[in-house]
2 protein chains.
Amino acid sequence: MKNNMESVSDKNYIEQVSVECVILGYQDRQLRVLVPKLAFKGDFWGLPGGFVYQDEDTDDAARRILYERTGIKDVYLEQFQVMGKANRNSREFLDRMIGQNSDLFSDPLAEGQRSRMDYDWFTRRFISIGYYALVDMNQVIPQKTDLDVSIEWYPIGELPPMIMDHNQIVANALATLRLTIDQKLNAFNLLPETFTMQEIQDLYEAIFEKRFAQNNFPKRILRLNVLDRLEKKYTGAANKAPYLYRFDRARSSQLPTEDLFTE
Amino acid sequence: MKNNMESVSDKNYIEQVSVECVILGYQDRQLRVLVPKLAFKGDFWGLPGGFVYQDEDTDDAARRILYERTGIKDVYLEQFQVMGKANRNSREFLDRMIGQNSDLFSDPLAEGQRSRMDYDWFTRRFISIGYYALVDMNQVIPQKTDLDVSIEWYPIGELPPMIMDHNQIVANALATLRLTIDQKLNAFNLLPETFTMQEIQDLYEAIFEKRFAQNNFPKRILRLNVLDRLEKKYTGAANKAPYLYRFDRARSSQLPTEDLFTE
DNA sequence: ACAAAAGTGTTAAGCGTACACCCATGC
DNA sequence: GCATGGGTGTACGCTTAACACTTTTGT
């Protein structure tokens with residue numbers, strides 16, 4: 001595998017900066033995170049990540065990484081945290097990973113130039129920029145890359161142990177989502193094109209891990225003034241048919257913008 | 001000046017990453033920002049910034065930059081944004097600055113090695129990490145560095161035009177402060193050791209640019225359960241003496257921690 | 001008719017503001 | 001006493017939750 005992989009150190013990346021993506025989906029009343037299992041020996045899971053080209057916005061780098069794993073280009077994306085600890089890339093972790101993958105990283109001093117440079121690249125200190133993305137799971141067919149052995153959706157409460165601080169990064173992504181959801185109107189990106197009020201409520205309850213009163217919830221959502229009510233949805237079920245709603249991006253962009261977090 | 005300045009390209013910094021600090025203070029019912037005027041010819045203002053050493057946490061880099069300008073070490077600090085646009089360092093700006101400072105940056109092709117390397121360093125694309133700090137203005141004696149001609153507190157509504165996106169960075173720092181103030185309890189860092197309830201209310205009104213009802217404001221603040229009520233403050237004024245309060249860091253650290261944004 | 005889920009009404013608690021009032025303080 | 005500003009009480013409106021009720025739909 002070493003031979004058909006282009007060496008990362010050859011590419012025109014910004015050095016010592018990486019982007020890590022928390023890709024959030026929603027299904028069966030649960031938030032889910034798309035997590036690859038990494039192509040190293042031993043059980044290593046880690047958030048989809050990558051590097052930033054010299055002439056590329058960090059936002060675009062995140063979009064590129066997302067496109068590789070999800071196959072969709074138009075995703076909601078938000079930068080929410082920088083991991084800047086100098087000792088993030090802990091010595092123990094590196095020793096364990098490299099020790100179990102000696103064919104990839106063998107003895108850097110005895111190896112050829114390419115391996116040596118990749119070793120230097122990966123073992124250096126990195127500053128990571130955390131993004132979270134909200135995607136409609138129905139539109140995504142998870143794609144593993146050369147760096148993964150598999151890629152799967154995990155319920156946000158049942159994540160595998162990930163490398164470094166990646167579990168904490170997910171927790172912080174969720175905290176940011178909760179904090180800004182009403183201002184950003186981004187929750188709708190987790191749902192399909194049309195949805196019922198109950199589906200939005202279920203989603204909110206999944207995000208906040210608490211129940212909302214059923215009578216006021218529609219008022220709370222409709223007050224945001226970004227939903228169109230469509231015709232009723234007749235499912236054939238023996239009960240009252242709920243209305244369908246659609247997120248109206250045109251109307252949402254007319255909201256009073258505060259340039260919050262926008263560059 | 002070129003001769004007594006150590007060349008930035010010599011130092012052991014992480015390349016293409018910078019830290020920018022929004023240093024916020026509070027006086028006369030106004031939020032204020034500490035802004036240096038840069039030591040370039042022409043009128044250039046810019047946020048205090050710097051670079052990150054290889055073995056230094058980004059948080060510590062921000063603290064170091066803050067200490068240089070304020071002389072205090074124990075400040076409230078929070079990372080709130082990354083500026084990652086590839087074309088941030090706009091061509092027009094660089095041309096204008098370098099054109100007006102030819103003695104510093106002269107013709108890079110004709111100059112010595114040091115100048116050439118500094119030119120390369122400064123004109124490359126940077127990813128900036130934005131921090132905001134909250135400081136008690138009474139404890140700060142603004143210090144200009146070699147890079148500044150002066151440094152001053154400006155009301156947040158009357159900032160000078162700053163380089164690049166620095167004015168927008170300040171706006172985003174304020175937006176973040178408003179969003180998280182009740183969870184972070186950080187507003188108290190803007191006040192002196194002891195303060196009256198009215199002073200906290202004035203501060204909140206300055207931050208949010210709106211008035212709060214006087215009767216339940218104390219309830220709102222005391223509910224946070226982080227203030228100690230001290231003895232009354234007899235000023236000699238012909239009116240009822242207000243109580244003094246003190247922020248109790250011990251009690252605030254016992255709050256339910258959610259690891260929000262903490263690395 | 002009946003079950004199931006959608007949707008609405010009633011009541012109460014909590015928090016916010018506006019306004020009025022009382023209280024302490026020094027002249 | 002009196003002006004000044006700190007501190008508190010009342011009335012009202014809005015938001016949320018718990019609970020009950022009505023409405024719609026297909027069997």
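Being a predicted model, the structure only gives us computed values, none of them experimental. Chain letters run A, B, ... following the sequence lines, proteins first and then strands; every chain starts at 1.
Rounded to whole Å, the distance from CG on D182(B) to P on dC15(C) is 13 Å. Summarising the geometry, the separation between CZ on R220(B) and C1' on dG14(C) is reported as 15 Å, rounded to the nearest angstrom. To the nearest angstrom, C1' of dT15(D) lies 14 Å from CD1 of I221(A). In this structure, the CD1 atom of I200(A) is 15 Å from the C1' atom of dG7(C), given to the nearest Å. In this structure, L244(A) atom CG and dA6(C) atom C1' are separated by 13 Å, rounded to whole Å. Atom P of nucleotide dT16(D) and atom OH of Y204(A) are separated by 11 Å, given to the nearest angstrom. Distance CG (D202(A)) to P (dA5(C)): 12 Å, rounded to an integer number of Å. Computed from coordinates, the L222(A) CG to dT15(D) P distance equals 13 Å when rounded to whole Å.
The ring pair (Phe, Tyr, Trp, His ring centres under 6.0 Å) test applied to Y132(A) returns F80(A), not counting sequence neighbours. Partners of D43(A) under the salt bridge (charged side-chain N to carboxylate O under 4.0 Å, His left out) rule, at least two apart in sequence or in another chain, are K37(A). Take Y204(B) and apply the ring pair (Phe, Tyr, Trp, His ring centres under 6.0 Å) test, not counting sequence neighbours, and it matches F217(B). Partners of R220(B) under the salt bridge (charged side-chain N to carboxylate O under 4.0 Å, His left out) rule, at least two apart in sequence or in another chain, are D182(B).
Residue pairs meeting the side-chain hydrogen bond (donor to acceptor under 3.5 Å, both in side chains) criterion with at least one member in residues 207-218 of chain A, sequence neighbours excluded, are R178(A)-E209(A), E205(A)-R211(A). The stretch residues 21-31 of chain B participates, sequence neighbours left out, in these salt bridge (charged side-chain N to carboxylate O under 4.0 Å, His left out) pairs: D28(B)-R32(B), R29(B)-D202(B).
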>> I'd like to compare against my own output: the B/S/- annotation of nucleotides 4-14 of chain D with a strict under-4.0 Å heavy-atom distance to protein.
In response: BBBBBBB----
> When you look at V226(A) and F188(A), which way does the side-chain contact (heavy atoms from CB on, under 4.5 Å) test go after all the steps?
Replying inline: CA-CA 10 Å; V226(A) 292; F188(A) 304 107; 3.9 Å; yes
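Taking 4.0 angstrom as the limit, R223(B) places a side-chain polar atom (N or O) nearer than this to OP1 or OP2 of dG16(C).
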Can I get a per-line list of side-chain donor-acceptor pairs under 3.5 Å for residues 62-69 of chain A, giving both atom names and the distance, sequence neighbours left out?
from, atom 1, to, atom 2, distance (Å)
R63(A), NE, D60(A), OD1, 3.4
R63(A), NH2, D60(A), OD1, 3.4
R64(A), NE, E56(A), OE2, 2.8
R64(A), NH2, F51(A), O, 2.7
R64(A), NH2, E56(A), OE1, 2.9
R69(A), NH1, D148(A), OD1, 3.2
R69(A), NH1, D148(A), OD2, 2.6

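Taking a cutoff of 4.0 Å between a charged side-chain nitrogen and a carboxylate oxygen, E78(B) and K184(B) qualify as a salt bridge.
A heavy-atom distance below 4.0 Å to DNA chain D is reached by none of the residues of residues 206-213 of chain B.
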